Amino acid sequence: MRAFAALFLLPSAVMAIAAQADDLQSLTFTNHTELAVSGFSVFEERPDGTIIDDNLGAWVDEILPGDSATLDLALIECRTVRVYVTFTVGATVPGGENFDTGVDLCANRTLTLLD
C-alpha cells in the first residue's frame, strides 16, 4: 500500500520540479565581435559590487562571431549578475583574454558583445 502511495505522488512531484525549471532566469549571450568566445561564467553580484562566490551557470562551448547561446541560471528571481567572458586563446582584446561586466537581469536578459 505504501509503494502505491509513493507512485501516486510521483507525477505531482515531477510537475512541481518542471514548474520550478520554467521559473529559472536565463541569459542570452550574443557575440557580435570578430573574436571567438571560449565560454562564460555567471555569478551573483551584491548591491555593493562584490561577487558571491557561487557559480550560477557556465557556458563552456565556443561561441563563434555572429552566434548566440542561452544559458539557464540557478536563479529564480531576477537580480544583477556579473558575467566573466573568456575569449579564445591568443585573441587580442584590451586588458587580456578575459572580460567581465554586470548585467541586470530584471532589465535585460541579453548580453551582446560588440567590437
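What you see below is based on every heavy atom in this structure, not just the backbone, and it leaves out hydrogens, waters and symmetry mates. These numbers were taken from a predicted model, which means no experiment stands behind them.
With 3.5 Å as the limit, one finds no donor-acceptor pair spanning the side chains of Ser38 and Thr88. Side-chain contact of Asp72 with Ser26: a donor-acceptor pair under 3.5 Å is absent, judged by distance alone.
Between the side chain of Glu62 and the backbone N or O of Val37, no donor-acceptor pair lies under 3.5 Å. Side-chain atoms of Asp54 never come within 3.5 Å of backbone atoms of Glu44 as a donor-acceptor pair (strictly under, hydrogens ignored).
Taking CG of Asp61 as the reference point, atom CG of Asp67 lies at 11.5 Å (rounded to 0.5 Å). Note that CD of Glu45 is 6.0 Å distant from OG1 of Thr80, once rounded to the nearest 0.5 Å. For the atom pair Phe29 CZ and Thr112 OG1, the distance stands at 9.0 Å (nearest 0.5 Å). Rounding to the nearest 0.5 angstrom, the gap separating the CZ atom in Arg82 from the OG1 atom in Thr50 is 10.5 Å. Asn55 CG to Leu73 CG: the interatomic distance, rounded to the nearest 0.5 Å, is 9.5 Å. Between atom CG of residue Asp104 and atom CZ of residue Arg109 there is a gap of 11.0 Å, rounded to the nearest 0.5 Å.
Classification of the Phe43-Tyr84 ring pair by plane angle, with boundaries at 30° and 60°, yields perpendicular.
When all heavy atoms of Thr30 and Ser68 are compared, the pair lying nearest together is OG1-CB, 3.6 Å. In terms of heavy atoms, Thr33 sits closest to Pro65 at O-CB, 3.1 Å. Scanning both residues, Gln25 and Ile76, for their nearest heavy atoms gives NE2-O, 3.1 Å. Phe87 and Leu35 make their closest contact through CD2-CB, 4.0 Å (heavy atoms, listed as atom of the first residue, atom of the second, distance).
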TODO: List the steps, then state whether side chain to side chain contact (heavy atoms under 4.5 Å, CB included) holds for Leu27 with Leu56.
DONE: CA-CA 11 Å; Leu27 176 67; Leu56 301 173; over 6 Å; no
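Remark: of the listed residues Ile52, Leu111, Leu105, Leu105 is the sole one forming a side chain to side chain contact (heavy atoms under 4.5 Å, CB included) with Val81.
Residues Leu113 and Ile63 have side chains not in contact (no heavy-atom distance under 4.5 Å, counting atoms from C-beta outward).
With a 6.0 Å radius and a threshold of 12 heavy atoms from other residues, nucleotides or ligands, Asp53 has its CG atom at or below the threshold.
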